[in-house]
Enquirer: 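The structure's right below; bear with me while I get my questions together.
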Amino acid sequence: MKTIASICFILTVALSTAQELDSMSSKYPGVYTIVDEPASFPGGLVAFYDFLDSEMGYPETALKEGVEGRIFVELIVEENGELTNMRVAKGIGSGCDEEAMRAIAKSSPWNPGKINGKPVRQILIQNILFKLEDGKKD
């Protein structure tokens, strides 16, 4: 029985240490990438993409130039669910990056990430796909 208790204690300490290292290794102090419960849009991923579908438009420049691709937006979900420190980690230009940032900013507040049941700051990278329907390129 002592062996099982020791293993559980060591495992708990190792997990705590990994979370502390995760926080310290981030470029933002006190922000985690690995959490027990990840931050999420209210209603889940499908609801988030439904929100983006209704909120986003295809930028006119991107339509004219036939620009398509995936944008990666880095953001922090704060303990209160607010989205902060948003930036385009990889973009495609032609107004798509700005449109993705605008729409994601309007999606706040989110459900914060949690460690041991307590809200924490979590960094996420959200990808947004811009794809023209067939025949829509000018």
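Basis for what follows: all heavy atoms, side chains included, without hydrogens, waters or symmetry-related copies.
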Enquirer: Looking only at heavy atoms, what is the nearest atom pair of Gln122 and Glu37, with distance?
Expert: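 For Gln122 versus Glu37, the nearest heavy atoms are OE1-O, 4.5 Å.
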
Enquirer: Using every non-hydrogen atom in the two residues, find where Ala47 and Pro42 come nearest and quote the distance to one decimal.
Expert: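 Looking at all heavy atoms of both residues, the closest pair is CB-O, 3.8 Å.
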
Enquirer: Working to the nearest 0.5 angstrom, can you tell me the gap between Lys114 NZ and Ser40 OG?
Expert: 9.5 Å

Enquirer: Please check this pair: side chain of Arg121 against backbone of Pro29, looking for a donor-acceptor N/O pair closer than 3.5 Å.
Expert: yes

Enquirer: Side-chain heavy atoms nearer than 4.5 Å, only ILVMFWY residues, links allowed to pass through others: does that put Leu45 and Phe72 together?
Expert: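 Leu45 does not cluster with Phe72.
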
Enquirer: Could you tell me the separation between the CG atom of Leu63 and the OH atom of Tyr58, rounded to the nearest 0.5 Å?
Expert: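 Going from the CG atom of Leu63 to the OH atom of Tyr58 covers 6.5 Å.
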
Enquirer: Mind listing the closest non-hydrogen atom pair of Ser94 and Pro59 along with its distance?
Expert: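 Nearest heavy atoms, Ser94 then Pro59: O-CB, 3.5 Å.
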
Enquirer: Is it true that Val73 and Val67 fall in one hydrophobic cluster, defined by side-chain heavy atoms closer than 4.5 Å?
Expert: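 Both belong to a single hydrophobic cluster.
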
Enquirer: Would you compute the distance between atom OG of Ser108 and atom CG of Leu75 and round it to the nearest 0.5 angstrom?
Expert: 9.5 Å

Enquirer: Do Ile92 and Phe130 touch side chain to side chain, with heavy atoms closer than 4.5 Å?
Expert: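 Counting from C-beta outward, Ile92 and Phe130 do come under 4.5 Å.
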
Enquirer: For a quick test of reading the model, state the closest non-hydrogen atom pair linking Ala100 to Ile128 and the distance between them.
Expert: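 Answer, listing the atom of Ala100 first, then Ile128: CB-CG1, 4.1 Å.
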
Enquirer: To the closest 0.5 Å, what do you measure between CG (Leu52) and CD1 (Ile104)?
Expert: 6.0 Å

Enquirer: Using every non-hydrogen atom in the two residues, find where Thr33 and Ile123 come nearest and quote the distance to one decimal.
Expert: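 Heavy atoms of Thr33 and Ile123 come nearest at CG2-CG2, 3.2 Å.
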
Enquirer: Let me confirm one number: the CG-CZ distance from Asp97 to Arg102, rounded to the nearest 0.5 Å.
Expert: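 The distance works out to 13.5 Å.
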
Enquirer: Taking all non-hydrogen atoms of both residues, which atom of Val35 and which atom of Val120 are closest, and how far apart?
Expert: CG1-CG2, 3.8 Å

Enquirer: Do Thr84 and Glu78 get their side chains close enough for a donor-acceptor pair, meaning under 3.5 Å?
Expert: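 Yes, because at least one side-chain N or O of Thr84 sits under 3.5 Å from a partner of the opposite role on Glu78.
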
Enquirer: Test Lys118 against Glu79 for salt bridge (Lys or Arg N to Asp or Glu O under 4.0 Å), laying out the working first.
Expert: CA-CA 9 Å; Lys118 295 183 180 174; Glu79 293 175 11; over 6 Å; no

Enquirer: Please assess Tyr32 against Ile115 for the test side chain to side chain contact (heavy atoms under 4.5 Å, CB included), listing each intermediate value before the final yes or no.
Expert: CA-CA 9 Å; Tyr32 295 89; Ile115 295 177; 3.7 Å; yes

Enquirer: Would you mind reporting whether Leu83 and Ser107 have side-chain heavy atoms less than 4.5 Å apart?
Expert: yes

Enquirer: Between Glu74 and Arg87, is there a donor-acceptor pair closer than 3.5 Å when you use the side chain of the first and the backbone of the second?
Expert: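 Answer holds: no.
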
Enquirer: Counting only N and O atoms by type, is there a donor-acceptor contact under 3.5 Å from the side chain of Asp53 to the main-chain atoms of Tyr49?
Expert: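 Answer holds: no.
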
Enquirer: Could you state whether Met86 and Phe48 fall into the same hydrophobic cluster, counting links through intermediate Ile, Leu, Val, Met, Phe, Trp or Tyr residues with side-chain heavy atoms under 4.5 angstrom apart?
Expert: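 They do share one cluster, since a chain of ILVMFWY contacts under 4.5 Å joins Met86 to Phe48.
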
Enquirer: To the nearest 0.5 Å, tell me how far Ile71 CD1 sits from Asn127 CG.
Expert: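 It comes to 10.0 Å.
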
Enquirer: Within the structure provided, determine whether Glu82 and Trp110 are in side-chain contact (heavy-atom separation under 4.5 Å).
Expert: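 No; the side chains remain at least 4.5 Å from each other.
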
Enquirer: If the plane angle is over 60° it's perpendicular, under 30° parallel, otherwise tilted; pick one for Phe41 and Phe51.
Expert: tilted

